[in-house]
Amino acid sequence: MKPLIYKIKTIGMSVMMTVVALSCDSEEFLENENKSILTDQTQWQSEANADIFINDVYSEIPRVSTLAEQLDYYSDDYNISHYYTSSNWRQGIAQAPGSSTDNPWGGTHGPTNGYTWESFFIKLRKCNTGLQKLEENKENFSDEYYNKRVDELRFLRAYFYSEYFMHVGGLPILTVPLDRNTMTEDELLTPRSTFEETFNFITEELESIMINNSLSIKYENGNADAGRATLGAALALKGWIELFAASPLFNSGETYLPDPENFVHFASADSERWAKAAATNKKFIDEFGGIYDLFSDLPNLWRASNEYNSEIIWDRQIVANVGGMGTDYERRGGVTYVLGQYMTWGNYNPTQELVDEFSMDNGKDITDPTSGYDPQNPYVNREKRFYDFIVFDGATYKLDWMPEEDIIYTRIDKTYANPDNTNQIDLAGSTDAGDSGYYQKKRLNPDAAPGSDASGQNDVFYRYAEVLLNYAEAQNEAVGPDQSVYDAINRIRNRSSLPNLETGLSKEEMRDAIHKERRVELCFENKRYLDNKRWQQQEETMGVPRHNMVIRNSVPSDNSGILVYSVEEEVKYTAKFEAKQYMSPIPQNVIDQNPNVKQNPGY
């Protein structure tokens, strides 16, 4: 049973007003001229009432599975031939919006992942207000409650900062709510902090939470507090943001464009940042490894019945079919036509570049001449994750909501009675059929037929496999491929029935192996865009065409010939990437209203 933590979002205000009305004599209520004082006093007079406010802060975590654009649309893992902002972005069309916006339809502002300048500061103000009110009304709460809720809000504030920091770099550091009535203009017009100052604020907050030890390490499925911040979430976030910032884009002492105020990079390089990231992720493995672990059934890790399993560290609760609290993730992607019926918009189209990263079941790359790979029979003897994650031409497709299995064909077939009502590849992007030759299966809810609000699978942000990958990468960069690096990567490979990595790899060879493993293991989890960014690889991944698998019959008139597999460039867009796109722009109206806020390089 789902805890009620996020249901507060839709009923919180009505509950709050009900609490206010029931907490005072009606005559006194009517005679009170300043309703805001009464509401404020009532809100913080008990733990139950305070939780109404704090639960609303949790509701500010974006429901990313409901977003029209997934962050991976801005990567080389998806081929999106639509009318989204990501379509402009991959053509190098990027400029500062006039005002805060996350409009996915043809915008030029770039990726948001549910965050804009305006929405970020709304989230931040709620965190700071909650912290201020908890302190002002501390006598109304037990020490245990006070300490837990303070660190939950501090975690949420650090989390919100980390998410927007990854898109824009340095941000104004605010720890109290701004107040026009009591603050000077200088206090209100807070400038952006540097990249390093913002990074330090996030990591120091998380470190303080760990030292306080007021939060639980993990919650289990069915626990009333499941979905709240934990020590596990705090340590995982710290390890990730340290890895992110230690990476080449930010930690070279130079930047992709002139950045004299150091908004988007550290002023100087420091190789010790890799060691710090490795140490934090190793601390998680050593101290929490007996509580968190790899979940044995990877394809079903996201299933609602498996929420808060051993691998889940930090997620956002989703509740199906309850007042807009579910998700339509399955409607937006997956196979377009299932059992002859139009079911999805076909948005999640894996690229050939991603498909080629999946190994053979013997663990060898398909480029290895001894691997057994046959480019004219490319879907035979591939690794287990390929069949778990990807729908390919000729694949058997059966999810639990389907009455029977289907066979999915993406090949070009001139004998189709109506090609527009099939899954035949749509190279022009004119229909909802996929335009890469593949569909995504990973993360689709097997229990829920595609439909609005029908799915209740939680949005998973961090899981234990990522901690292992984070550690392996940071440790390899810090000291090279020691045994602990092999151990971390091999645990992930072994779960999917792959053999251990070959021994004796150089640091550079291990780096390539780790990058490949991240891409396969974390595909479709909105990680690839951030990896391409931090590795400073977007010119080579996004500035070039992506590729599709086009399958034709050698005798197309009656399909009496053989299938011919051809890897071909996407045809709808001319790919381009400009250096300024490494970071998103600040809205122009923000700069107009606060001249102390400066724009990111290149905009």
Side-chain angles (χ1 to χ4, degrees), residues 1-12 51 54-72 102 111-116 119-120 122-124 126-127 130 152-164 166-167 215-216 218-230 232-234 236-237 240-241 292 295 301-309 311-330 332 442-445 448 453-464 466 522 524-527 530:
M1 175 179 172
K2 291 241 186 199
L4 298 179
I5 190 166
Y6 295 122
K7 293 185 180 179
I8 298 299
K9 182 172 185 181
T10 55
I11 65 174
D51 271 351
I54 295 168
N55 290 347
D56 181 64
V57 182
Y58 276 96
S59 75
E60 288 291 338
I61 302 169
R63 293 187 299 149
V64 296
S65 57
T66 69
L67 300 178
E69 280 194 318
Q70 296 296 295
L71 193 57
D72 279 336
D102 58 356
T112 67
N113 205 33
Y115 290 80
T116 66
S119 70
F120 167 72
I122 290 172
K123 301 175 198 303
L124 179 56
K126 287 186 177 184
C127 291
E152 285 180 31
L153 287 173
R154 292 176 67 198
F155 170 82
L156 288 170
R157 184 172 64 185
Y159 176 69
F160 294 145
Y161 260 106
S162 73
E163 288 289 295
Y164 203 41
M166 291 188 292
H167 286 290
L215 303 180
S216 297
K218 185 182 188 335
Y219 292 116
E220 304 299 331
N221 195 6
N223 189 292
D225 282 334
R228 293 190 181 277
T230 62
L237 174 56
W240 157 245
I241 209 68
Y292 293 93
F295 185 64
L301 181 143
W302 293 267
R303 193 189 283 257
S305 59
N306 290 328
E307 289 171 0
Y308 302 103
N309 63 63
E311 191 158 344
I312 305 302
I313 300 173
W314 176 234
D315 67 358
R316 205 275 191 205
Q317 289 190 350
I318 303 295
V319 183
N321 301 314
V322 178
M325 296 180 65
T327 173
D328 60 353
Y329 184 79
E330 287 74 18
R332 297 180 181 279
K442 180 184 181 183
R443 286 184 60 206
L444 298 183
N445 188 345
D453 219 30
S455 180
Q457 291 189 153
N458 288 357
D459 291 335
V460 176
F461 303 132
Y462 301 119
R463 57 187 178 96
Y464 189 61
E466 187 177 356
L522 302 178
F524 316 138
E525 296 181 49
N526 292 315
K527 305 292 183 179
L530 296 172

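Along the sequence shown, the residues carry numbers beginning at 1.
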Partners meeting ring pair (Phe, Tyr, Trp, His ring centres under 6.0 Å) with Tyr161 (sequence neighbours left out) | Phe120, Phe201
Those residues at least two apart in sequence (or on a different chain) that pass side chain to side chain contact (heavy atoms under 4.5 Å, CB included) with Leu67 are Val64, Gln70, Asn113
Non-hydrogen side-chain atoms of Arg228 and Ile54 separated by less than 4.5 Å | yes
Side chain to side chain donor-acceptor pair (under 3.5 Å) partners of Thr112, counting only residues at least two apart = none
Exam field: side chain Ser65 to backbone Thr327, donor-acceptor pair closer than 3.5 Å | no
Under 4.5 Å between any side-chain heavy atoms of Leu530 and Trp240, yes or no?
-> yes
Under the side chain to side chain donor-acceptor pair (under 3.5 Å) test, which residues partner Tyr329, sequence neighbours left out?
-> Gln440, Arg443
Donor-acceptor under 3.5 Å (Arg63 side chain, Asp459 main chain) | no
Residues in salt bridge (Lys or Arg N to Asp or Glu O under 4.0 Å) contact with Lys442, at least two apart in sequence or another chain = Glu525
Test item: His167 and Leu71 side chains (from C-beta on) under 4.5 Å apart, heavy atoms = yes
Those residues at least two apart in sequence (or on a different chain) that pass ring pair (Phe, Tyr, Trp, His ring centres under 6.0 Å) with Tyr159 are Trp314, Phe461
Can you name the closest pair of heavy atoms from Ser119 and Gly114 and give their distance?
-> OG-O, 3.9 Å
Considering residues at least two apart in sequence or located in another chain, which fulfil the side chain to side chain donor-acceptor pair (under 3.5 Å) criterion with Asp328?
-> Arg332
Shortest non-hydrogen pair, Tyr292 vs Gly232, comes out as OH-CA, 3.7 Å
Is there a donor-acceptor pair under 3.5 Å between the side chain of Lys527 and the backbone N or O of Asp72?
-> no
What is the distance from atom CG of Leu444 to atom CZ of Arg303, rounded to the nearest 0.5 Å?
-> 12.0 Å
Does any non-hydrogen side-chain atom of Gln457 lie less than 4.5 Å from one of Ile318?
-> no
Output the distance between atom CG (Asn309) and atom OH (Tyr464), rounded to the nearest 0.5 Å.
-> 13.5 Å
Determine, step by step, whether Ile312 and Glu307 satisfy the side-chain contact (heavy atoms from CB on, under 4.5 Å) criterion, reporting the C-alpha distance in whole Å, the side-chain angles of both residues, the deciding distance to 0.1 Å, and the verdict.
-> CA-CA 8 Å; Ile312 305 302; Glu307 289 171 0; over 6 Å; no
Do any N or O atoms from the side chain of Lys123 and from the backbone of Glu60 form a donor-acceptor pair under 3.5 angstrom?
-> yes
Do Leu237 and Ser162 have side-chain heavy atoms sitting under 4.5 Å apart?
-> yes
Smallest separation among heavy atoms of Ala454 and Ala448, with atom names | O-CB, 3.6 Å
Do Ile61 and Leu156 come within less than 4.5 Å of each other through their side chains, counting heavy atoms only?
-> yes
Gly456 versus Ala320, closest heavy-atom pair with distance = N-CB, 3.5 Å
To the nearest 0.5 Å, atom OG of Ser59 lies from atom CE of Met325 at 9.0 Å
All side chain to side chain donor-acceptor pair (under 3.5 Å) counterparts of Ser455, not counting sequence neighbours = Glu330, Asn445
Between Gln317 and Tyr58, a side-chain donor and acceptor under 3.5 Å | no
State whether the side chain of Asn306 and the backbone N or O of Leu301 hold a donor-acceptor pair below 3.5 Å, judged by distance alone.
-> no
Here the pair of heavy atoms bringing Glu311 nearest to Phe295 is OE1-N, 2.8 Å
Worked check of side-chain contact (heavy atoms from CB on, under 4.5 Å) between Leu522 and Arg463 | CA-CA 10 Å; Leu522 302 178; Arg463 57 187 178 96; 3.6 Å; yes
From the options Asn221, Asp315, Asn223, select the one residue that forms a side chain to side chain donor-acceptor pair (under 3.5 Å) with Tyr308.
-> Asp315
For Glu69, what residues pass the salt bridge (Lys or Arg N to Asp or Glu O under 4.0 Å) criterion, not counting sequence neighbours?
-> none
